[in-house]
J.: 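Have a look at the structure that comes next, please.
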Amino acid sequence: MIEVRDLRRTYRGGVEALRGVSFDVRAGQRFGIVGESGSGKSTLVRLLAGLDQPSAGSISFRGKRIDGVPERRLGFLREELQIVFQDPMGSLDPRMRVRDIICEPLGRAAGHADRVRELLHAVGLPADSGERYPHQFSGGQRQRISIARALAPAPSVLVADEPVSALDVSVRKQILDLLAELVERFELTMVFVSHDLAVVRHVCDTVGVMRRGELVELGDVEQVYQRPDHPYTRELIAAAPKLRAVLARRKGAS
Ligand SMILES: Nc1ncnc2c1ncn2[C@@H]1O[C@H](COP(=O)(O)OP(=O)(O)OP(=O)(O)O)[C@@H](O)[C@H]1O
Ligand SMILES: [Mg+2]
């Protein structure tokens, strides 16, 4: 589905955010990317979505090169690949009604009422949510709105960049479970970015560990979690015991 080869991105000022990253994402895979703040995860996401251009290397989507292609010619990618961002408040226009937000990726044409109803139901929001505005919802509900919007064009790939990091711990698992359920139901391929390996383990089958712009480990998520190869991966596993405990407890309770 996605083929990334020796991808590099150096920002003005000389920051080497990506220093030669290569990996493949197969159809149906739930591919996690984990790494500390500043390791280059969001840079990678922007490149995958065609929102930024690499300094070197290539990205192919379904065998088609997307690097170096101007945004106006990436219409097919907008339909195939959608992103859910970390901060639902920042990514939802406060002046727009939820139904218009959800329909945004579908273009200007009116008459998406059935689709909106379907999507609201799919993400577990009340049927009358479409008439309301983002500020009238909780953080978790706002992330459900973002997810509904991402699903609107029926993409084949969902990219989530820290989708639960801005949320209260108590609703994180609900949103993670929702993503897992939707990925299964709509047979999506998912690229899921987090600084927390415990969260990635909860929703992904494969994980790539990023450190300072490089992929230092790549493999089956359980294997990486149980038997990490790289010392940095071991550090990451040790770094977030609290959330891990919360997720484990809730898993046991439900
Ligand atoms: N537009 C930009 N211009 C210059 N430097 C940038 C830009 N965007 C990111 N960087 C730098 O590139 C590096 C990687 O940033 P990136 O946002 O990809 O990291 P990240 O892994 O997503 O971090 P976080 O977990 O905090 O979201 C950082 O050093 C960051 O400061
Ligand atoms: Mg980021």
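Positions are given from 1, in the same order as the sequence printed here. All ligand and atom numbering here is 1-based and tracks the order in the structure.
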J.: Please check atom 31 (O) of ligand 1 for a protein heavy-atom neighbour under 4.0 Å.
T.: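 For atom 31 (O) of ligand 1 the answer is no, since every protein heavy atom stays at 4.0 Å or beyond.
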
J.: Using only atom types and a distance under 3.5 Å, with no angle test, would you say the side chain of Q136 pairs donor to acceptor with the backbone of Y133?
T.: yes

J.: At a 4.0 Å threshold, what atoms of ligand 1 neighbour a non-hydrogen atom of E36?
T.: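 Contacts of ligand 1 toward E36, numbered from 1: 21 (O).
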
J.: Identify whether the distance between the nearest side-chain nitrogen and carboxylate oxygen of E214 and R211 falls below 4.0 Å.
T.: no

J.: Looking at K41 and H195, would you say the former's side chain and the latter's main chain have a donor-acceptor pair under 3.5 Å?
T.: no

J.: Output yes when a protein non-hydrogen atom is found under 4.0 Å of atom 4 (C) of ligand 1, and no otherwise.
T.: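 It does: a protein heavy atom is found less than 4.0 Å away from atom 4 (C) of ligand 1.
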
J.: I'd like the name of whichever of S165, G13, S42 reaches closest to atom 17 (O) of ligand 1 through any heavy atom.
T.: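 Heavy atom nearest to atom 17 (O) of ligand 1 belongs to S42.
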
J.: Would you confirm whether R78, through its side chain, and A49, through its main-chain N or O, come within 3.5 Å as a donor-acceptor pair?
T.: yes

J.: Is ligand 1 under 4.0 Å from a heavy atom in the side chain of Q86, in the backbone, in both, or in neither?
T.: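 No part of Q86 is near ligand 1 at this cut-off.
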
J.: Which residue and non-hydrogen atom of the protein lie closest to atom 26 (O) of ligand 1, and at what distance in Å?
T.: S37 OG, 2.5 Å

J.: Does a salt bridge link R5 with D24, judged by any charged N lying under 4.0 Å from a carboxylate O?
T.: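 Looking at D24 together with R5, the answer is yes, because their closest N to O distance falls below 4.0 Å.
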
J.: Quick one: does R9's side chain have a donor or acceptor within less than 3.5 Å of a partner on L44's backbone?
T.: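 Such a contact is absent between R9 side chain and L44 backbone.
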
J.: For ligand 1, note which part of T43 has a heavy atom under 4.0 Å away: side chain, backbone, both or neither.
T.: both

J.: Name the closest protein heavy atom to atom 1 (N) of ligand 1, giving the residue it belongs to and the distance to 0.1 Å.
T.: Y11 CE2, 3.7 Å

J.: Which heavy atom of P134 sits nearest a heavy atom of M96, and at what distance?
T.: CD-O, 3.3 Å

J.: Grab the two heavy atoms, one from V199 and one from S194, that are nearest each other, plus how far apart they are.
T.: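 Heavy atoms only, the tightest pair is CB-OG, 4.0 Å.
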
J.: Does NZ or CZ of R30 come closer than 6.0 Å to the centre of the six-membered ring of F192, within 45° of the ring's axis?
T.: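 No - R30 does not lie over the ring of F192 by the 6.0 Å and 45° rule.
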
J.: Which heavy atom of the protein is the closest neighbour of atom 25 (O) of ligand 1, given with residue, atom name and distance?
T.: K41 NZ, 2.8 Å

J.: Return the closest protein heavy atom for atom 14 (C) of ligand 1 as residue, atom name and distance.
T.: G38 O, 3.4 Å

J.: Just jot down the ligand 1 atoms closer than 4.0 angstrom to any heavy atom of R46, in number order.
T.: 8 (N)

J.: V15 versus ligand 1: do any nitrogen or oxygen atoms come within less than 3.5 Å of each other?
T.: no

J.: Does ligand 1 have an atom that lies less than 4.0 angstrom from a heavy atom of G40?
T.: yes

J.: Kindly confirm or rule out an N or O of A17 lying under 3.5 angstrom from an N or O of ligand 1.
T.: no

J.: Look at S42 and state whether any of its N, O or S atoms is less than 2.8 Å from the Mg ion (ligand 2).
T.: yes

J.: Specify the closest pair of heavy atoms between L48 and L77, including all atoms of both residues, with the distance to one decimal.
T.: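 Shortest heavy-atom contact: O-CD2, 3.8 Å.
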
